[in-house]
Undergrad: 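Here's a structure for you.
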Protein chains: 2
Amino acid sequence: MTEGWKATDNRKISESTIHRLSHYYRTLSVLEREDYETISSRELARREKLTPAQVRKDLSFFGSFGTRGLGYPVKDLRAKIANILGIDRAWNVALIGVGNIGSAMVSYKEFVKQGFAIKLLFDNDQRKIGSNHKGIIVHDMRDLEKELKAKKIDIVMIAVPATVAQNIVDDVVRCGIRAILNFAPVKLKVADNVFYRSENMAMELEYLSFALVNLANRSGGKKLDKDSTNS
Amino acid sequence: MTEGWKATDNRKISESTIHRLSHYYRTLSVLEREDYETISSRELARREKLTPAQVRKDLSFFGSFGTRGLGYPVKDLRAKIANILGIDRAWNVALIGVGNIGSAMVSYKEFVKQGFAIKLLFDNDQRKIGSNHKGIIVHDMRDLEKELKAKKIDIVMIAVPATVAQNIVDDVVRCGIRAILNFAPVKLKVADNVFYRSENMAMELEYLSFALVNLANRSGGKKLDKDSTNS
DNA sequence: CCTTTCTTGTGAAAGGTTTCACAACACTGG
DNA sequence: CCAGTGTTGTGAAACCTTTCACAAGAAAGG
């Protein structure tokens with residue numbers, strides 16, 4: 001399951017729209033703290049380095065939240081986006097693989113802040129099983145199904161070596177999990193009724209490397225923002 | 001600087017193409033280890049869950065590497081992609097912020113494997129400065145410019161709290177760095193002659209959350225792969 | 001050397017996303 | 001209650017990416 005939801009009126013909602021919504025949400029949180037009452041698409045776009053039309057189109061997939069002549073009510077819009085993204089509730093997350101990256105994720109405060117609580121840890125290293133990370137006990141992989149069910153886990157994060165990641169994701173899917181975030185540097189195959197995302201840090205560095213090589217070769221080629229729409 | 005390079009004949013190369021190249025590179029590495037001589041776009045596409053046309057089009061931006069009737073020579077194509085991505089050389093990377101995520105990155109083997117060597121660490125916590133992580137000394141942020149120049153750093157990774165990330169990225173750019181990978185959960189503003197990428201784990205979870213909510217609401221809407229092209 | 005089979009490379013078509021442009025509406029001030 | 005200004009919501013246009021479809025070339029087998 002890669003992409004492809006429909007708005008109320010059947011227009012297709014792209015992955016990019018969802019990611020921008022996440023950004024709007026963060027910006028609106030800041031604005032709310034700064035006591036803004038309303039914000040225009042123009043100002044929101046300026047802060048996000050987008051066009052005002054883009055902002056309006058993104059929001060329009062989900063309804064009309066603004067007032068002509070005035071803009072969008074900051075507080076309401078933020079709540080509405082939280083609802084659309086599903087982060088107005090608590091999600092139970094399990095993490096498999098308590099290595100370097102896994103440990104970092106346990107301590108990562110941004111997750112909790114957005115409603116993602118890591119409730120379960122797994123590893124198959126006997127030395128780690130039973131140990132305590134930030135108050136969470138590391139369980140044996142053999143208890144996977146039992147524990148996932150008991151703790152009502154919604155989302156599983158996978159931070160294991162690339163070589164075993166596919167086996168583990170297969171197990172996880174077999175336990176009925178429908179949403180997986182993968183940190184192993186491999187592309188995993190999942191049934192298409194499972195939501196799957198992958199975070200690949202090395203690939204982002206490769207993109208930068210490509211950019212640097214092309215910058216050096218041509219020493220030009222830079223793309224300017226076309227649509228600053230500064231106020 | 002966000003996107004926008006041109007192929008030899010001026011066709012535009014998209015971000016997606018570069019990311020797919022990274023994937024092809026990994027698959028070709030596996031194939032080479034398994035002693036494959038050649039691979040067809042059809043087979044490569046099957047492994048990547050893409051269409052053969054997509055694979056051929058991606059490669060065609062950079063030249064014609066295949067032989068009609070035969071396919072692509074695995075070894076040569078891998079080398080060629082490594083060259084396109086710029087990972088056929090060593091890049092010097094510095095990491096700022098030796099907290100949870102920073103520490104994980106220091107130990108992340110995939111970087112070294114792809115030619116990205118972390119050569120420098122920075123922090124502004126006096127307790128961390130001078131300490132040793134995997135053989136690399138943590139430097140004071142005050143020595144930023146001196147050390148970046150001395151170690152000929154190409155790429156800087158930023159793993160500091162969101163609140164200070166913008167200041168740090170400004171400093172880094174002032175030191176002449178042109179490529180930045182950000183792990184802080186904020187969108188940073190950089191001049192458009194700087195290559196910038198951001199890794200935001202919380203945003204990926206939000207995408208999964210959105211997917212789960214929409215799955216629950218509609219219980220349908222899944223998108224099947226259209227183009228399996230199985231052999 | 002000819003026929004068959006295979007697979008690339010690529011214009012053209014289809015499909016998707018972003019931007020434009022403007023009608024519709026809301027508020028303000030006279 | 002009307003004119004002026006500001007901003008949304010949205011079809012249509014522009015732009016970008018993917019897929020199709022096929023000519024061109026390569027190998028194999030007679």
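This structure is a prediction, so every number in the text was calculated from the model and none was measured. Protein chains get the first letters and strands the later ones, always in sequence-line order, with residue 1 at the start of each.
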Undergrad: What nucleic acid atoms does Ser41(A) come within less than 4.0 Å of, heavy atoms only: base, sugar-phosphate, or nothing?
TA: sugar-phosphate

Undergrad: Hey, is the main chain of Leu205(B) close enough, under 3.5 Å, to the side chain of Ser209(B) for a donor-acceptor pair?
TA: no

Undergrad: Rounded off to whole Å, could you give me the NZ-to-P distance for the Lys12(B) and dT18(C) pair?
TA: 12 Å

Undergrad: Rounded to the nearest angstrom, tell me the gap between atom CD in Gln54(A) and atom P in dT7(D).
TA: 19 Å

Undergrad: Side-chain N or O of Tyr72(A) less than 4.0 angstrom from OP1 or OP2 on dG9(D)?
TA: yes

Undergrad: Test the Arg20(A)-Phe61(A) pair against the cation-pi criterion, namely NZ or CZ under 6.0 angstrom from the six-membered ring centroid and within 45° of the ring axis.
TA: no

Undergrad: Report yes if at least one side-chain N or O of Arg56(B) is closer than 4.0 Å to OP1 or OP2 of dT8(C); otherwise report no.
TA: yes

Undergrad: Could you give the CG-to-C1' distance, from Leu70(B) to dG9(C), as a whole number of Å?
TA: 15 Å

Undergrad: Take atom CG of Leu21(A) and atom C1' of dT17(C), then tell me their distance rounded to the nearest Å.
TA: 16 Å

Undergrad: In whole angstroms, how far is the C1' atom of dT17(C) from the NE2 atom of His19(A)?
TA: 16 Å

Undergrad: To the nearest Å, how far apart are Asp58(A) CG and dG16(C) P?
TA: 17 Å

Undergrad: Ala53(A) side chain: which of dA27(D), dT19(C), dT17(C) is closest?
TA: dT19(C)

Undergrad: Look at the side chain of Asn92(A) and the backbone N and O of Lys152(A), then say whether any donor-acceptor pair between them is shorter than 3.5 Å.
TA: yes

Undergrad: To the nearest Å, how far apart are Arg42(B) CZ and dC6(C) P?
TA: 10 Å

Undergrad: Tell me whether the OP1 or OP2 atom of dT18(D) has a side-chain N or O from Thr51(B) closer than 4.0 Å.
TA: no

Undergrad: Between dT5(D) and Arg68(A), is there an OP1 or OP2 to side-chain N/O distance shorter than 4.0 Å?
TA: no

Undergrad: Under the rule for salt bridge (Lys or Arg N to Asp or Glu O under 4.0 Å), what residues qualify as partners of Arg33(A), not counting sequence neighbours?
TA: none

Undergrad: Starting at the 5' end of DNA chain C and moving along, which residue's nearest nucleotide shows up first, Thr67(A) or Lys57(A)?
TA: Lys57(A)

Undergrad: Separation of Leu44(B) atom CG from dT7(C) atom P, in whole Å?
TA: 13 Å

Undergrad: Of all the nucleotides listed (dG9(D), dT18(C), dT18(D)), which has the minimum atom distance to the side chain of Ser64(A)?
TA: dG9(D)

Undergrad: Please examine the side chains of Leu188(A) and Ser198(A), heavy atoms only from C-beta on, and report whether any two atoms are closer than 4.5 Å.
TA: no

